[in-house]
There are 2 protein chains.
Amino acid sequence: MATLKQVAALAKVPLLTAYHALSGAADVPPAQRESVRAAAEQLGYSLNVTIKDVAALAEVSIATVSYVLNDSAPVSAATRHRVLEAAAALNYRPNVNGRILQANKTRLIGYGWHNLKRGHSAPFLERFAYWMAQAVESYGYHVLTFAHSADSPTDAYRELIQTNRVDGFILSHTNRNDPRIRYLLEARVPFVAFGRANDRWDFPYVDVDGREGVRLVAEHLIGLGHTRLALIGWPEGSLSGDARVQGYFDALDAAAISPQTGWIKRAENSAAAAAAAAADLLEMPLATRPTAILCVSDLMAVGVINHLNRCGVQVGYDIAVSGFDDDPIAELIQPSLTTLRQPVDDLAAQVVALLMAELERIPAPQRQILVAPQLIVRASTAPQRQFP
Amino acid sequence: MATLKQVAALAKVPLLTAYHALSGAADVPPAQRESVRAAAEQLGYSLNVTIKDVAALAEVSIATVSYVLNDSAPVSAATRHRVLEAAAALNYRPNVNGRILQANKTRLIGYGWHNLKRGHSAPFLERFAYWMAQAVESYGYHVLTFAHSADSPTDAYRELIQTNRVDGFILSHTNRNDPRIRYLLEARVPFVAFGRANDRWDFPYVDVDGREGVRLVAEHLIGLGHTRLALIGWPEGSLSGDARVQGYFDALDAAAISPQTGWIKRAENSAAAAAAAAADLLEMPLATRPTAILCVSDLMAVGVINHLNRCGVQVGYDIAVSGFDDDPIAELIQPSLTTLRQPVDDLAAQVVALLMAELERIPAPQRQILVAPQLIVRASTAPQRQFP
DNA sequence: CAAAGCAAATGAAACGTTTCAACGAGTGAG
DNA sequence: CTCACTCGTTGAAACGTTTCATTTGCTTTG
């Protein structure tokens, strides 16, 4: 491919004129415009301003242009000025791909999407993706998203690394002993997880402090006078699930309440399963029946509220209910749901900050970060009644 | 940077042995391993298999390797076999960045995130992002996501194009006269919109057929015996909003029902605004009061249902309610909500198929596609009562 | 038997950048 | 006046591919 300079030479016009003729950025006499067009045609040139063109216009070497634009070597004020003028006149923008090849850094961060089943979708993650993109851009990076299957997730990660498509990864929706984390650790690929995997592996992560969150809401309920608190958690074994249960015990311990058998239920993360658990709780004798039900997700809390509504139990008055996540539904359900909000923007920013340190291979002093969620009090735990 | 061949020569071992020593892919006698390590160290070489290494091992030129791997020129069976063996033995994966620079094609599609206000988030878009990534990958592309501000969105698009970061774009959340579309058309950048902009511009898009959707649900209600149907739409002026209203008229016309004044309300896309509109409707005299309320979004329908519940009106029995979107909340609210589901996977696949045609610069015959949503009947329009 | 033709393989250029090593022109010290 | 330095600048190499133009070694044909 020819350069702009050659086109200009062939058309016997100044370089800048050739640029204007082809770009339309400024007016050029029709005769000249035509001859430039013809010259470009003849050379098979299509407008594409490179560092060479800037160098030609500024009458310096391309090395000098590079030094000026990256401020990576001393350049005299006069030349610097000429170069900047030329770059501006030609509206020059460096081609990132040239850079990438030379530096062997793509400035791209991989982020994999799962295929969430209907109803299990997390609106939360869409916002996370936004804030992540935003945070990453402030460091001059971009996010490359890809889809991966649930059964062999590592394949997609391996492929992206081996073909040099990305510099690192951000993982979300981590599982216990997540195979992706195992692979990335072994392959020594920079990454940060949004979520934990197990206690043995040492890797950088940011997670919501579910334990502290549930403790907060339990404390809030105890403060309202509740003394019989039930908890509907996930089946034992999930990292974040067990942490949340722990927060419940923390609060009860602190208030010197001893948890009764039957107050703790386990259910899958669905409205229906939680409703069934709530039904069990309702069957307890009124005198010992819990007056508050803590749920480890908003989805479950919604199931509980719907069930209580159907049974004629007044939620927020007869029985308080709380959730976790601050899903949009929390504001929309009747009564509106007390819950814990995860500070998405903050989480994303911290994940990205950690990742940048990993990419520089200078690990941050604190590579494991827990962020406390914020208690959002709504009608489902309104202090409307004195509990016996 | 040195090549694997040079390292092997310096360590006086075969190329493949050098590879094994450095990669650990196969066992190598400790003595040899050490001398290879030392040689690599001395040359400042870190393991990175390129086409040159494959060529060296197969004892052919790099051109031949390229031809074999891309099947882009005739190669004798014997050499082809040698090359494939060598590539496999070295676990060679082409570096995409070399390709990108040479072809000036990044095989990256840009997709911009908006910052949606809390409560206005669309869980739908998260799933769209997943299916889009999936579809794009089946063509060997990836999605580059970026965040852009609401006030000057085109800047981000321009930057990505001018620096050659992406080959094209997918837009979602399009507005009437969307400035992004105006820019991309003018800059002649390949893109496809998920949503329309206005009737004047000719560009490829895929959109949900809101008109047909609302017609479907109205038809369904009329089939149940309803004759007085109200509609709560968005303020006039939005493209998709107006289309949905049109579907309502279509169905009423077909059933020879003439819409009464007062049946049509306009409200912002929020639960509260829709509830207020529903309150107005409730004040109409019982004899002429609508028996069904169609809403142009699930969010609005939820506001309406909550309001009716509060007023003691039995939704699905006294008054039917419908929404649009099939948000997860539709299944969770009481009663569950009849609505229109957008076939996300299908929409994403069609958007991507269109984009691929645009990228090849051979525009598809049909560049504007409307996809009909699917009617999902739930309890909020149950046929429980004979309407007068 | 020479010329022509063909298939297979190769050397080298190109894509756009950064950066190393080298160079020339001043400047200050001896 | 010369030598050694510094500062500013430059040519060229390198990153990993693809692909053009050419060469090599055969086979066929007149």
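Chain letters run A, B, ... following the sequence lines, proteins first, then strands; residues in each count from 1. The structure presented is a predicted model; accordingly, all values stated were derived computationally and were not measured.
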Checklist entry - Is any side-chain N of the basic residue among B/Asp155 and B/Arg180 closer than 4.0 Å to the acidic one's carboxylate O? => result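 So B/Asp155 does not pair with B/Arg180 through a salt bridge.
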Next on the checklist: Between B/Arg367 and B/Asp202, does any side-chain N to carboxylate O distance fall below 4.0 Å?
Outcome noted: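 Result for this pair is yes, salt bridge flagged.
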Rounding to a whole Å, what distance do you find between [X]:[atom1] and [N]:[atom2]?
X	N	atom1	atom2	answer
B/Asn97	C/dA14	CG	P	22 Å
A/His81	D/dG8	NE2	P	17 Å
B/Asn104	D/dT17	CG	C1'	13 Å
B/Arg99	C/dG16	CZ	P	19 Å
B/Asn95	D/dT18	CG	C1'	13 Å
B/Arg107	D/dT18	CZ	P	12 Å
B/Gln102	C/dC15	CD	P	9 Å
A/Ile51	D/dA14	CD1	C1'	15 Å

Item to check | Which residue lies more 5' along DNA chain D, comparing A/Ile62 with A/Thr79 via nearest heavy atoms | outcome: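 So the residue in question is A/Thr79.
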Under 4.0 angstrom, heavy atoms only, what part of the nucleic acid is [X] near: base, sugar-phosphate, or nothing?
X	result
B/Thr64	base
A/Ile100	nothing
B/Thr50	sugar-phosphate
B/Val60	sugar-phosphate
A/Asn164	nothing
B/Asn48	sugar-phosphate
A/Ser76	sugar-phosphate

Checklist entry - If every non-hydrogen atom of A/Val189 is compared with every non-hydrogen atom of A/Gly168, which pair is closest and at what distance? => result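 Smallest interatomic distance, heavy atoms only, reads CG1-CA, 4.5 Å.
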Checklist entry - Which atom pair, heavy atoms only, marks the closest approach of A/Lys5 to A/Asp53? => result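 Distance-wise, the nearest heavy atoms are N-OD1, 4.1 Å.
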Next on the checklist: Please determine whether any donor N or O and acceptor N or O are separated by less than 3.5 Å between the side chain of A/Tyr67 and the base of D/dC7.
Outcome noted: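 Checked by distance alone, the answer is no.
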Next on the checklist: If you only use heavy atoms from C-beta on, which nucleotide in D/dG16, C/dT19, C/dT17 is closest to the side chain of B/Leu101?
Outcome noted: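 The answer is D/dG16.
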Checklist entry - Taking for each residue the nucleotide of DNA chain C bearing the nearest heavy atom, is the 5' side occupied by A/Lys52 or by A/Ala63? => result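 Here A/Lys52 is the residue nearer the 5' end.
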Checklist entry - Under 4.0 Å between a side-chain N/O of A/Ser61 and OP1 or OP2 of D/dT9, yes or no? => result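 False: A/Ser61 side-chain N/O out of range (4.0 Å or more) of D/dT9 OP1/OP2.
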Next on the checklist: Apply salt bridge (charged side-chain N to carboxylate O under 4.0 Å, His left out) to residues B/Glu159 and A/Arg93 and explain how you reach the verdict.
Outcome noted: CA-CA 9 Å; B/Glu159 186 68 12; A/Arg93 318 257 57 214; 2.6 Å; yes
